[in-house]
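Everything on this sheet refers to the single structure shown next.
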Amino acid sequence: MKKYVKYNQNTNEFEEMIKHMANLCAIPSISIENDSKFPFGKDTDNALEYALDLSKKFGFNVFKDPLNRYGFAEIGSGEKIIGILGHLDVVPAGDESQWKTSAFVPVITENELICRGSLDDKGPVIINMYAMKYILDNNLLGDEWKIRLVFGIAEETTMQSMKYYLKDFGDPYISY
């Protein structure tokens with residue numbers, strides 16, 4: 001990889017990124033374990049599908065577990081995997097009368113995106129996707145590397161989605 005490249009995100013790309021964050025945050029992906037087809041609930045699967053579809057549009061390779069338990073997006077083809085572990089499930093809104101806005105109706109101000117999941121962890125997932133897109137678009141990844149963004153969908157409850165991923169694929173070379 002190159003040592004240092006300054007990333008200058010233009011205004012249109014920044015606004016598009018915020019729109020993707022808001023769209024993902026609007027999905028009430030509260031992990032529940034009561035569905036045989038969608039082990040962590042249909043809404044978590046909807047969030048996973050949104051992330052995978054956006055990843056495809058960015059030109060990433062994507063994988064969805066055949067049992068709907070996790071997914072990932074990746075760039076590069078090397079043997080060494082840089083793993084980015086994210087999650088798309090959120091905790092319940094709780095008593096929404098205590099909220100100034102609805103938990104799943106994004107509010108975008110000049111300086112904030114207010115919605116359940118904007119900081120934990122849907123917003124950071126989208127930011128990582130944009131960073132990966134920049135790396136891909138500018139050919140900044142060495143041949144020996146692959147970057148894989150793993151989308152967990154049960155982090156707020158049992159961590160089972162990540163446990164299934166690790167069982168199926170093992171540990172990345174390095175991760176955060």
Side-chain angles (χ1 to χ4, degrees), residues 16-76 81-99 101-108 113-133 146-176:
E16 177 185 83
M17 182 178 70
I18 298 300
K19 180 187 83 173
H20 288 302
M21 284 181 192
N23 290 344
L24 186 55
C25 288
I27 302 169
S29 52
I30 299 161
S31 183
I32 55 172
E33 296 185 30
N34 69 353
D35 188 319
S36 59
K37 184 173 181 183
F38 303 106
F40 307 111
K42 179 63 177 137
D43 286 331
T44 58
D45 190 71
N46 291 342
L48 178 58
E49 285 293 334
Y50 185 91
L52 293 171
D53 288 344
L54 182 58
S55 297
K56 284 183 216 173
K57 290 177 185 169
F58 283 176
F60 303 167
N61 296 318
V62 299
F63 174 85
K64 184 176 182 187
D65 172 57
L67 299 176
N68 301 314
R69 302 173 299 180
Y70 63 86
F72 60 77
E74 64 184 16
I75 60 173
I81 298 174
I82 300 170
I84 304 170
L85 309 178
H87 67 92
L88 303 173
D89 62 314
V90 295
V91 296
D95 180 2
E96 284 210 58
S97 71
Q98 299 295 311
W99 285 69
T101 64
S102 175
F104 297 104
V105 177
V107 175
I108 300 171
L113 167 61
I114 303 164
C115 195
R116 177 64 91 206
S118 61
L119 295 176
D120 180 21
D121 190 36
K122 294 175 178 182
V125 163
I126 295 291
I127 291 168
N128 277 289
M129 289 172 70
Y130 272 81
M132 289 172 62
K133 182 180 183 310
K146 179 185 297 183
I147 300 174
R148 180 178 292 165
L149 175 54
V150 182
F151 305 117
I153 53 176
E155 189 272 348
E156 299 292 359
T157 54
T158 64
M159 292 291 289
Q160 279 302 115
S161 59
M162 286 298 183
K163 291 174 185 175
Y164 289 126
Y165 167 80
L166 289 171
K167 182 179 178 216
D168 292 347
F169 289 94
D171 296 325
Y173 182 81
I174 189 169
S175 64
Y176 69 91

Minimum-distance pair of heavy atoms, taken over all atoms of Tyr130 and His20
OH-CD2, 3.0 Å
Taking atom types as modelled, is there a side-chain donor on Lys64 or Asn68 under 3.5 Å from an acceptor on the other?
yes
For the OG1 atom of Thr44 and the CD atom of Glu49, what is their distance to the nearest 0.5 Å?
10.5 Å
Measuring from atom CG of Asn23 to atom CD1 of Ile18, what distance do you get when rounded to the nearest 0.5 angstrom?
11.5 Å
More than 12 heavy atoms from other groups under 6.0 Å of CG on Leu67
yes
Decide whether Ser161 and Glu155 meet the rule of one side-chain donor and one side-chain acceptor closer than 3.5 Å.
no
Which heavy atom of Val62 sits nearest a heavy atom of Leu52, and at what distance?
CG1-O, 3.7 Å
Among Phe151, Phe169, Tyr165, which one satisfies ring pair (Phe, Tyr, Trp, His ring centres under 6.0 Å) with Phe63?
Phe169
Rounded to the nearest 0.5 Å, how far does CD of Glu33 lie from OG1 of Thr158?
4.0 Å
Determine whether Ile126 and Leu54 make a side-chain contact, defined as any pair of heavy atoms from C-beta on separated by less than 4.5 Å.
yes
Evaluate Asn61 against Ile75 for side-chain contact (heavy atoms from CB on, under 4.5 Å), listing each step before the verdict.
CA-CA 6 Å; Asn61 296 318; Ile75 60 173; over 6 Å; no
Rounded to the nearest 0.5 Å, what's the gap from CD1 on Ile30 to CD1 on Ile153? Could you check?
14.0 Å
Taking all non-hydrogen atoms of both residues, which atom of Val91 and which atom of Glu156 are closest, and how far apart?
CG1-OE1, 3.4 Å
How about Phe40 and Asp89: do any of their side-chain heavy atoms sit closer than 4.5 Å?
no
Is the shortest heavy-atom distance from the side chain of Asp120 to the side chain of His87 under 4.5 Å?
yes
Would you mind reporting whether Ile84 and Tyr176 have side-chain heavy atoms less than 4.5 Å apart?
yes
Taking atom NZ of Lys163 as the centre, report whether more than 12 heavy atoms of other residues, nucleotides or ligands fall under 6.0 Å from it.
yes
Polar contact flag, side-chain donor to acceptor under 3.5 angstrom, Asp65-Tyr164
no
Shortest non-hydrogen contact between Ile27 and Lys122, atoms and distance
O-NZ, 2.7 Å
Distance check, rounded to the nearest 0.5 Å: Leu88 atom CG versus Asp43 atom CG?
12.5 Å
Any Lys19 side-chain heavy atom under 4.5 Å of Ile108 side chain:
no
As an exercise, state the distance from NZ of Lys42 to CG of Asn46, rounded to the nearest 0.5 Å.
4.0 Å
Do any N or O atoms from the side chain of Ser118 and from the backbone of Leu113 form a donor-acceptor pair under 3.5 angstrom?
yes
Taking Ser55 for the side chain and Phe60 for the main chain, is one N or O donor matched with an acceptor at less than 3.5 Å?
no
Closer than 3.5 angstrom, by distance alone: can the side chain of Arg116 be matched with the main-chain N or O of Pro92 as a donor-acceptor pair?
yes
Which heavy atom of Pro172 sits nearest to which heavy atom of Ile81, and what is that distance?
CB-O, 3.5 Å
Give the minimum heavy-atom separation between Ala93 and Ala103, together with the two atoms involved.
CB-CB, 3.4 Å
